[in-house]
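Lettering follows sequence order; numbering is per chain, from 1.
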2 protein chains.
Amino acid sequence: MRPSKRDELVRRALNIFYREGFHATGMDLLSGETGISKTTMFKHFHSKDELILAVLRLRDQDFRTWLFRRMEEAGEPRAQLLAMFDALAEWFAKPDFRSCMFIKAASEYPDPDHPIHVQSAEHKRMLFRQLQAIAAEAGAKDPAGLARALLLLKEGAIVTAHLGHEADPAGDAKAVAEKLISAALD
Amino acid sequence: MRPSKRDELVRRALNIFYREGFHATGMDLLSGETGISKTTMFKHFHSKDELILAVLRLRDQDFRTWLFRRMEEAGEPRAQLLAMFDALAEWFAKPDFRSCMFIKAASEYPDPDHPIHVQSAEHKRMLFRQLQAIAAEAGAKDPAGLARALLLLKEGAIVTAHLGHEADPAGDAKAVAEKLISAALD
DNA sequence: ATGAAAGTGTACAGATCAGTTCATCTTGGA
DNA sequence: TCCAAGATGAACTGATCTGTACACTTTCAT
C-alpha cells in the first residue's frame, strides 16, 4: 500500500506536468501516460490540485536535495556558495530543462492565496533558509542579505536560461556572485 | 473600423490574461467580461493563440515604453541604469502586480518553438538591446556584460516579488546593481 | 483458501473548451 | 436614402475537462 503505485504516479506526473504545464495536462492523459487507472488516481488524490500539491512536495525534496548535495561537494562554505551556479549550469544544459517548476506553478495559479501558489512560495523560503545558513558558516557580515542577493541571481538565471537567448546565464550569475561573496567576506 | 473594438478587446484581454492566466481564461469568459461578442472576436483573430500574440505585442510596447521613460527621467545614463530598479519597486508595489507577463506566457507555453514562447523570448531580447545601449552610453567597459548582469537582477527581482516573502526585492537588486555599475565604469 | 485492500476498464455526468453558423441589427459614408 | 461593413446574440459542433459509478480482477497477509 504505502509503496509503489501512488509514488509512481506522483513521480511520473511530475515529469509530464513539468514538460507540458499544469492546465495543459488532463487527468485522462495522465492516466494514459502513467498506465494508472483514473479510478486509482482519484482514490489517492481527491482532486487534480491535490495531486499537483503532492508533485510539488516531491519536486521540492528532490531539487533541494540535489542542489545542496552538489554544493556540499565543493568543500568549504565559501566554495559551496559559488558551486550553486555550477549546479545551475549543469541543470540548464540538460535537454529537458524547462525552467523552475515553482515559477511555472505560480504562473499558472497566480492567485497568491491559492494553495499551489502558497506551496511554491514555501519552496523559495526554504531555499533561502538553507542558503542563509551556509552564508553564515562562511562568515558573511550579513548572511541574510547575501543569501537574498544570491537567490536573486539564481532566479534571474533560471528565467533567462528558459526564455532568453544568452549563452551562459549561470556563468554570468556566477561572475556577479563572486564579487558579492568577496565583498561580503572581506 | 481600424480603431476601437479590436484595440479595446486586446487591451481588456490583456488585463484578464494577466490576472487569471492564459489557459484558465476561456473565450466565452473573455467575451462576457469585455462585452464583445465571440463572433466579433473570431472575426478579428482566427484563434485564441493569435489573440494572445496580439496581447503580448501590446504588452511589450506598453512595458518597454513605460520602463525606459521612467529611466530617462533619471537623467544621465548611469542614473538611468539604477532607475530601472526604482521603476521595478514602483511596479511591485501595485496591488495588481502578478509577475511578468512574458515569464508567465513562457511558463504556460513551455515548448520553445511555440510562437507564444518565441515572442516572449523576443521581448527579453529587445530589453537587452535597449539596456546595452544605455550601458554603452554610460561608458561601461563591457556594455553587453553589464546589461546581462542587470537583467539577471531584474528577472530575479520580478520572480521574487511574485513568489517570495522578501520585503524589498527591487531594493536588494538595486544594491547589487550599484556595485556592478561602479565596478563597470570604474 | 479466504477476505479485505488495492487496482482495473468502461461508461458516464455536467461543465467548459475553441471555434462556427446564421439571421439580424447598427452604423456611417456617399 | 441606401448600402456595405461591422457587430450582435444565440444556438450549435465536437472535443476535452474534472470527477464519479459500478462491476470486475488482482494481490497478499492471515
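Counting heavy atoms from C-beta on, the side chains of L51(B) and L9(B) come closer than 4.5 Å. When side chains are defined from C-beta on, R6(B) counts as touching F45(B), because their heavy atoms get closer than 4.5 Å.
Residues meeting the salt bridge (Lys or Arg N to Asp or Glu O under 4.0 Å) test with R12(A), sequence neighbours left out: E8(A).
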Legend entry - Heavy-atom protein contacts under 4.0 Å, nucleotides 20-28 of chain C, coded B base, S sugar-phosphate only, - none: BBB------
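For H114(A) and Y109(A), the gap between ring centers is short of 6.0 Å.
Following rounding to the nearest Å, K48(A) (NZ) and dG19(D) (P) show an atom-to-atom distance of 9 Å. The distance from atom CE of M41(B) to atom P of dT8(D) is 11 Å, rounded to the nearest whole Å. We find that CG of D49(B) is positioned 10 Å from P of dA18(C), with the value rounded to whole Å. Rounded to whole Å, the distance from CD1 on I36(B) to P on dA10(D) is 17 Å. Computed from coordinates, the L9(B) CG to dT8(D) P distance equals 10 Å when rounded to whole Å.
Judged by a 6.0 Å distance limit and a 45° cone about the ring axis, K124(A) is not positioned over the six-membered ring of F102(A). Remark: R98(B) fails to qualify as a cation-pi partner of Y18(B) under the 6.0 Å distance and 45° angle criteria applied to the six-membered ring.
Taking only side-chain nitrogens and oxygens, S37(A) never comes nearer than 4.0 Å to OP1 or OP2 of dG7(C). For K5(B), no side-chain nitrogen or oxygen approaches OP1 or OP2 of dA7(D) to under 4.0 Å.
In the region residues 22-35 of chain A, proximity to DNA chain D at under 4.0 angstrom, judged on heavy atoms, holds for T25(A), G26(A), M27(A), D28(A).
Looking only at atom types and distance, the side chain of S182(A) has a donor-acceptor partner in the side chain of R78(A) under 3.5 Å away.
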Inset, instruction - For W91(A) and F85(A), run ring pair (Phe, Tyr, Trp, His ring centres under 6.0 Å): C-alpha distance rounded to whole Å, both residues' side-chain angles, the deciding distance at 0.1 Å, then the answer. - result: CA-CA 10 Å; W91(A) 182 27; F85(A) 298 94; over 10 Å; no
